[in-house]
Amino acid sequence: MTNTKKDTDLDLTDPRQAKEYKLSQLLEKGINPYPAKFDRTHKAADIQAKYDSLENGEETTDVVRVAGRIMAMRNNGMFIDLVDATDKVQVFCHKDTMNEEALELLKLYDLGDIIGAEGTIRRTPRGELSVRVTSTVMLTKSLAPLPNKHEGLTDVETKYRQRYVDLIVNEESRDTLRARSKIIRFIRNYMDDMGTIEVETPNLQAIMGGASAKPFVTHHNALDSNFYLRVAPELALKRLIVGGLADGVYEIGRCFRNEGISMKHNPEFTSIEGYHAYYDYYDLMDLIEDLVRKTVEHIHGTTKITFGAQEIDFGQPWRRASMCDLIQEYTGLDFMAVETAQDAVELAKTKGVKLPDGTSWGAVVAEVFDERCEAKMIQPTHVMDMPVDVSPLAKIHRDDARLTERFETYINGWEIANAFSELNDPKIQGLRFDEQVELGKNGDEEAQMKDDDYVTALEYGLPPTGGWGMGLDRLVMLLTNSSNIRDVICFPTLKPLKEENEAPQNPQSISAPVVEAARSATDYQSVDEDARRFVIVVNGKEESTARLMNAIGHTMAGLAGDVATKQDFCFVDYQDADGGVHPSVSHYPVIVLKAKNSNKIKNIRDQAIEKNIAFTDFTDTMTIGKTQEQLAATQNQCGEELNYLGLCLFGDRDALSELTGKLSLYK
RNA sequence: GACCGCUUAGCUCAGCUGGUAGAGCAACUGACUUUUAAUCAGUAGGUCGAGGGUUCGGAUCCCUCAGCGGUCACCA
């Protein structure tokens, strides 16, 4: 291949183009750079184990075939580190055992390529177990250059977005995700061994419940119904206990919560929930303690682990203390001695925990615990007897009606598990749901919905049952010394990358499909009011309310006038008691939202063009004098020079929600 | 959602109070070699996240935007 490099226009000093060039050379030689099959006799770890006792310099005649990714090449390809999923093995390519053709081939190999190699086993005089190669085969030519071999890949974004690169380069990432698999496998086996059965319950739930959290909402077209992605599988699992499917059931699966992302929170995460007939919460403490302790031992071979600077001991019997006792221990405040909610709020205030008046006794206790105690629960601790008003699904405490038979297990200051003797009195459960609904009406977005069918299930009879849930991601974090939940999730939730394609440059006030729509009115009864809507976005930077109202009016009028010609838009004449007629042009909801600034509006407008959503907009150049002057003023500006006062969109509810869902209401 | 910080070569990073953009690794050419982040000599590689402003002059200062990170808020 002498001087053949001149026959290319590629810039060979660019790593990527150099790889392309080598690919073309392979093809020219008639070599398939992506063959279907290579029969390997050993994995790297097999070889390392089998020949562990080989002395330095010792050689065998055993022929092996190995395959893996080239992670290092030394001495012009004489020494190649081949890495597979099990380990690394060095392959030794020397002219003594390779013919010229085979040696030439090496020049077309790069870091990152996946190759197969055949040869005999030897340990080099310096002690590296190697395959003395007679021939190699290209198995997969890689075209993307690998990150720096010393520093690896440290850019966090790339690490999570392109996890495959992270995994190739960073052994810790591989180890962490492998440990995750091992941990979950162990827990599953433990649950199976104790006779509970694994079940799967719906991710799509018509009624949201089982935990206090904001849900994701989605829509099923054929059923024309909204569903919530479950925030917890709890209520479904207990129905199975009612049915007597088994004395114990468990589910390992995903939960979805539409909340903030942090080092400890991912919008979708994995939990295990288990329900056991005839268990109470004491039995659950024993269960969780035993399960976690054995898992730690399985992974680390000991019950003591180090997380960051903390040493955590899972071996000792775990501390069990009531929430109020712990609060007293850490703050000196005795909430059990306080009767009313107002006194509780006052008491919390003495230690600087401020809560709005009207906060219930239990909510105060829970809040004070979160603020003042939670972070101190480093060693495994069962925090028992949570207040009844923050535990709508737990059974009332056998000794104190203000409390429930519920506990949370804390480790390293994190809540790892949550468990209780299940509330199985259908009447009380109904009342608890009503309280939640009331909270929801008062603006608590996390309040649970009333699940009438669940109450019905309880009416058939749920035996005394203990139920628990554990966040597996957090457990994996603890056992792998990971401080960020993203490290233990293969593909953590990230904001999608914005597409680079620019929106059409020609401003177009009404999209074509709308204009071309048929021009006939329809009877309002045949129209689905919920399917479409108007959304008006106004500029939050504009200080003049009058100008905003003006913008709302203009955009609305412009757009309504046009979309009114669509088939499913109709006029409705409202008649009052006196027979007076009030004609209305808008049959659909109108929602007014506030955008941060003009540029945000422009973004939405660009997307609307791209998605063919009807809109009209209103810029401040349209407020100058008469139409002629407005035209002139507008013509002098484009792009971000235009200051948008408002934008009115009309279209499919979900499509609009995608565009404007993040904006807040204009008040 | 609020505040703070970051964005420079394929990768990891320097670049001070404004004055012609730097290193290591990777790549390329060659030398040498039983190496372990091999070594040596040489070559090439950048619209300094985007846009605007101040200035004779901006990677550097100011503003806007985007992405990412951190802290807090929210959150079991």
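Just so it is clear, the model here is predicted, and its values are computed rather than measured. Below, chains carry the letters A, B, ... as their sequence lines are ordered, and counting in each starts from 1.
Rounded to whole Å, the distance from CG on A/Asp155 to P on B/G69 is 9 Å. When rounded to the nearest whole Å, the span between OH of A/Tyr21 and C1' of B/G10 equals 20 Å. Here B/C75 presents its P atom at 17 Å from CD1 of A/Ile261, a figure rounded to the nearest Å. Remark: C1' of B/G67 and CG of A/Leu494 are 11 Å apart, rounded to the nearest angstrom. Rounded to an integer number of Å, the gap from A/Lys107 NZ to B/A27 P is 15 Å. Rounded to whole Å, the distance from OH on A/Tyr160 to C1' on B/G70 is 13 Å. Taking atom CE on A/Met263 and atom C1' on B/C68, their separation rounds to 15 Å, with Å as the unit. One interatomic measurement links the two molecules: CG of A/Asn148 to P of B/C11, which rounds to 10 Å at whole-angstrom precision.
You'll find the side chain of A/Thr270 reaches within 4.5 Å of the side chain of A/Ile252, heavy atoms only. Between A/Arg16 and A/Leu143, the closest side-chain pair of non-hydrogen atoms falls below 4.5 Å.
For A/Asp110, the side-chain atoms get nearest to B/C28 when compared with the rest of B/U34, B/C28, B/U12. You'll find that the side chain of A/Asn76 is closest to B/C32, out of B/C11, B/C68, B/C32.
Annotation: B/A9 and B/C25 have their C1' atoms spaced 12 Å apart (nearest Å). One C1' atom belongs to B/G22, the other to B/C16, and the distance between them is 15 Å to the nearest Å. Comparing B/G46 with B/C61, their C1' atoms are spaced 23 Å from each other, to the whole Å. When the C1' atom is compared between B/G58 and B/G53, the two are found 11 Å apart, to the nearest whole Å. Nucleotides B/G15 and B/C6 have their C1' atoms positioned 16 Å apart, rounded to a whole Å. One C1' atom belongs to B/U7, the other to B/U60, and the distance between them is 14 Å to the nearest Å. Taking the C1' atoms as reference points, B/C3 lies 34 Å from B/G57, given to the whole Å. Taking the C1' atom of each, B/C4 and B/U43 are spaced 43 Å apart, rounded to whole Å.
Residue side chain A/Asn75 does not reach the base of B/U34 through any donor-acceptor N/O pair under 3.5 Å, judged by distance alone.
Between A/Asn418 and A/Leu146, the residue anchored closer to the 5' end of RNA chain B is A/Leu146, taking for each the nucleotide with the nearest heavy atom. Annotation: of the two residues near RNA chain B, A/Leu111 and A/Gln90, the 5′-most nearest-nucleotide partner is A/Leu111.
Here A/Arg474 lies out of heavy-atom contact (under 4.0 Å) with every strand. Nucleic acid contact class of A/Asn484 (heavy atoms, under 4.0 Å, all strands): sugar-phosphate only. Residue A/Ala144 is classed as having no contact, given no heavy-atom separation below 4.0 Å to the nucleic acid. At a threshold of 4.0 angstrom between heavy atoms, the contacts of A/Arg406 include nucleobase atoms, whether or not backbone atoms are also involved. Across all strands shown, A/Lys600 has heavy atoms under 4.0 Å from sugar-phosphate atoms exclusively, and none from any base. Contacts of A/Gln17 with the nucleic acid, taken as non-hydrogen atoms under 4.0 Å apart, are absent. In this structure, A/Glu128 reaches the bases: a heavy-atom distance under 4.0 Å links it to at least one base atom across the strands shown. As judged by a 4.0 angstrom heavy-atom cut-off over every strand, A/Pro15 is placed among the base-contacting residues.
In this structure, B/U71 forms a base pair with B/A2, meeting either the Watson-Crick or the G-U wobble geometry with both donor-acceptor distances under 3.5 Å. Shown here, B/A27 forms a base pair with B/U43; the pair counts as Watson-Crick or G-U wobble because both key distances fall under 3.5 Å. Base pairing of B/G51 is made with B/C63, judged by Watson-Crick or G-U wobble geometry with both donor-acceptor distances under 3.5 Å.
Put simply, A/Lys22 has no side-chain N or O that comes within less than 4.0 Å of OP1 or OP2 on B/A27. The side chain of A/Thr154 places an N or O atom within less than 4.0 Å of a non-bridging phosphate oxygen (OP1 or OP2) of B/C13. The side chain of A/Arg161 places an N or O atom within less than 4.0 Å of a non-bridging phosphate oxygen (OP1 or OP2) of B/C68.
Salt-bridge formation is not detected for the pair A/Glu58/A/Arg123: no Lys NZ or Arg NE/NH1/NH2 atom is positioned less than 4.0 Å from an Asp or Glu carboxylate oxygen. Comment: A/Glu422 does not engage A/Arg406 in a salt bridge, judged by the lack of any side-chain N to carboxylate O separation of less than 4.0 angstrom. Salt bridge absent: A/Lys602 and A/Asp617 never bring a charged side-chain N and a carboxylate O closer than 4.0 Å. A salt bridge does not link A/Glu367 to A/Lys354: none of the charged side-chain nitrogens sits closer than 4.0 Å to a carboxylate oxygen.
Not a single donor-acceptor pair under 3.5 Å links the side chain of A/Gln48 to the backbone N or O of A/Asp87. Not a single donor-acceptor pair under 3.5 Å links the side chain of A/His382 to the backbone N or O of A/Met384.
A donor-acceptor contact closer than 3.5 angstrom links the side chains of A/Gln90 and A/Arg74.
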Expected rows: protein N/O vs nucleotides 41-47 of chain B N/O, under 3.5 Å:
| unit_1 | atom_1 | unit_2 | atom_2 | d |
| --- | --- | --- | --- | --- |
| B/A44 | O2' | A/Thr13 | OG1 | 2.9 |

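Classified by interplanar angle (parallel below 30°, tilted 30° to 60°, perpendicular above 60°), the ring pair A/Tyr281/A/Phe407 is tilted.
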